[in-house]
There are 2 protein chains.
Amino acid sequence: MADLARIAGVSTSTVSRALTGHPRVNPETRLRIEALARSLDYSINSTAAALRSGINQTIAVVVPYEPGARQSLTDAFFLGLIGSLADVLTERGYQMLLVRTDAGELPGAGLLVRTGKAAGLVVIGQWHQHAQLNALAAQGIPLRGWGARLEGQRYCTVGSDNLQGGRLATAHLLRSGRRRVAFIGDVSLPEVEQRYQGYLAAHRTLHVPADPALKLTEPFLPAGGLDAAQRLLALPSRCDAVFACSDVLAMALISALSAQRVRVPEEIAVVGYDDVQLAAYFSPPLDTVRQSVQAGAAALVDALLARLAGTTPPSRLLPTELIARGSVRAEPSRSAH
Amino acid sequence: MADLARIAGVSTSTVSRALTGHPRVNPETRLRIEALARSLDYSINSTAAALRSGINQTIAVVVPYEPGARQSLTDAFFLGLIGSLADVLTERGYQMLLVRTDAGELPGAGLLVRTGKAAGLVVIGQWHQHAQLNALAAQGIPLRGWGARLEGQRYCTVGSDNLQGGRLATAHLLRSGRRRVAFIGDVSLPEVEQRYQGYLAAHRTLHVPADPALKLTEPFLPAGGLDAAQRLLALPSRCDAVFACSDVLAMALISALSAQRVRVPEEIAVVGYDDVQLAAYFSPPLDTVRQSVQAGAAALVDALLARLAGTTPPSRLLPTELIARGSVRAEPSRSAH
DNA sequence: CCGCATGATGCAATCGATTGCAAATCGCGC
DNA sequence: GCGCGATTTGCAATCGATTGCATCATGCGG
């Protein structure tokens, strides 16, 4: 910048003001400087600018992995959410830092803000780190998380209405005449627990008893779906429907069932969760509870930006929507049997 | 840092040296300063450090969107690649900036490096921006791209061996006895064109004539698969196999075919490309050409870091692998019919 | 007891911008 | 021709570290 100033015959102050769009510069000086900058292809060093002005337009999206297990980031729903976050942040004029960290080291993510790398944090993922997030929030780190709203929460979250989602899915199955609905998911995760509560609520509302033996704990991985199929088929009294807590789980389950020549939806109806892109093209096309990644990403970003601007909006629950396609009741136009 | 120095009774030089692990500090002074820093929970401002030292440990991953069309980032393969890139970069001690930009503005991505936001670029995505990438590379921007190797390329790419992939997929279909194999993909994309060349090569090798009428141009979107199904079924002389250039395309196609009561693989065999996570759980389980996102991400990062270190390794072609499951020949244990 | 090698620390310049305040310039009316 | 307000521009301090070089303390041999 000093060079540029010398060549242009002005001071660096003027160059700085010209290039940052400061109003107190002579318009023609600005034009001259801009042209010169372009011809030298010079552009402002953003590190120095950030240091001096204290303004930071980058947000860190933190995706913890389970402590120890360095499993890679593959979850279809979260990947989609990351894609949408990138889009939304770009649109809002922010940069996105994508950060993987051990869930046990989550408090260390606070450094991203304290060291000035990011203005705030969006935490994404399946985790049990309620307390750690609270600690971060207590340190004053601007923070928004995707997930359930919990008791004693000092940070603010955005998530879909899991209770409603669980209720919708389960009611859909019960209303189609199913009576023994299995639940697959890891209820140690708050979001899943809430879906399970929805599952129970639907049973209560429709006066159908829920059999605790049909609650299967499985991780959010394809292997969980395969395992669930084994366990369901080994049950003394078989189920006639399954509510799986993610589409990936549901698809892996259906795949394992059809390998065992169990027909879906005729013998066992299945509802998933997330509405990932491929759910519509599965066969049978998957009935699922949609949580919109676009809406979720936008809500997360807006909430964080609001926090950075000083306001403190409450946690938000995004509505969920049941998408009926063909894994509960075969649609006449699609059924291949 | 000045405060910390005052409290510790030393100069900021010493604090800096203690905290960055400089050897010329008394070990016990260092311990004292580290303890103090921890108790005040102070940590080095990385913006200032980066400014002064000129060291930048962040890499920008750039994902262009088609000019004008602000379509959101949903491609399963690229999302998976992004996830793996995040993992690999973290492991190598780098931060990852995820950047969306209009493909027409790609040269602007050079600013990320010139302004000091990132040390180098990884460009990901389906694009026609050969010339623009060349321009970036000519400006001296450290750059690696995912994709095909092209004539006159001044930047270096990492990609899977599309020619081999196309050949593997097509030969697999022809060897299963199919004689009319359709090709679905957008050959204006270099990677797809190479897969098409592989498709032709396989026909030549196996002495089967390739019918140009079976080459359908479709974009990499589920809608492309649906459209392809319509067009294939409307053909005067039907095909008995399809090589689809992505798994998403293949799944959407199969979904549309079964809605029309065309059975896969009995009537039409299908091979996809990518081996996305859900391909194995589709029904029928999808035969596909695997490109490993982990290997791809690692190769991209290593190539870029090598470039940053001054060496210039050549472009790399990663091997592809055919995964046979059940969409060409039904596997006995899995067939549900 | 002195000189010197060695290791630890401090001084001050520096990275590349931004910005409050002062100074310079300009135009215009009296 | 002078004074004054409004614009433009420049000076210099500042953001928070890093680092070459000088200085200081220490221990040890002579």
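Just so it is clear, the structure is predicted and the values come from calculations on it, not from any experiment. Protein chains get the first letters and strands the later ones, always in sequence-line order, with residue 1 at the start of each. Only heavy atoms go into these numbers, but all of them, side chains included; no hydrogens, no water, no symmetry mates.
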Are any non-hydrogen side-chain atoms of [X] and [Y] less than 4.5 angstrom apart?
{"X": "Leu308(B)", "Y": "Ile59(B)", "answer": "yes"}
{"X": "Gln153(A)", "Y": "Ser315(A)", "answer": "yes"}
{"X": "Val123(A)", "Y": "Leu143(A)", "answer": "yes"}

Taking atom [atom2] of [N] as reference, at what distance in whole Å does atom [atom1] of [X] sit?
{"X": "Ile55(A)", "N": "dT18(C)", "atom1": "CD1", "atom2": "P", "result": "10 Å"}
{"X": "Arg17(A)", "N": "dT19(C)", "atom1": "CZ", "atom2": "P", "result": "10 Å"}
{"X": "His22(A)", "N": "dT18(C)", "atom1": "NE2", "atom2": "P", "result": "11 Å"}
{"X": "Leu19(B)", "N": "dA17(D)", "atom1": "CG", "atom2": "P", "result": "9 Å"}

Determine: side-chain N/O of [X] to OP1/OP2 of [N], distance under 4.0 Å, yes or no.
{"X": "Thr29(B)", "N": "dT9(C)", "answer": "yes"}
{"X": "Thr12(B)", "N": "dA17(D)", "answer": "no"}
{"X": "Thr14(A)", "N": "dG10(D)", "answer": "yes"}

Examine distances only and state if a side-chain atom of Arg144(B) and a backbone atom of Val122(B) form a donor-acceptor pair shorter than 3.5 Å. no
Determine yes or no for a side-chain-to-main-chain donor-acceptor pair under 3.5 angstrom, with Asn134(B) supplying the side chain and Arg154(B) the backbone. yes
Each nucleotide N or O in nucleotides 23-28 of chain C that has a protein N or O under 3.5 Å away: list the pair and distance.
none

Just checking Thr20(B): base, sugar-phosphate only, or nothing, at a heavy-atom cut-off of under 4.0 Å? sugar-phosphate
Val10(B) near the nucleic acid: base, sugar-phosphate alone, or nothing, with a heavy-atom cut-off under 4.0 Å? sugar-phosphate
Axis-to-axis angle for the helix from dC1(C)-dG30(D) to dC30(C)-dG1(D), ends of five pairs each, to 10°, equals 70°
Strictly under 3.5 Å: I want the nitrogen or oxygen pairs between protein and nucleotides 14-16 of chain D, one per line.
residue: dT14(D); atom: O2; partner: Arg52(A); partner atom: NH1; Å: 2.5
residue: dC15(D); atom: O2; partner: Arg52(A); partner atom: N; Å: 3.4

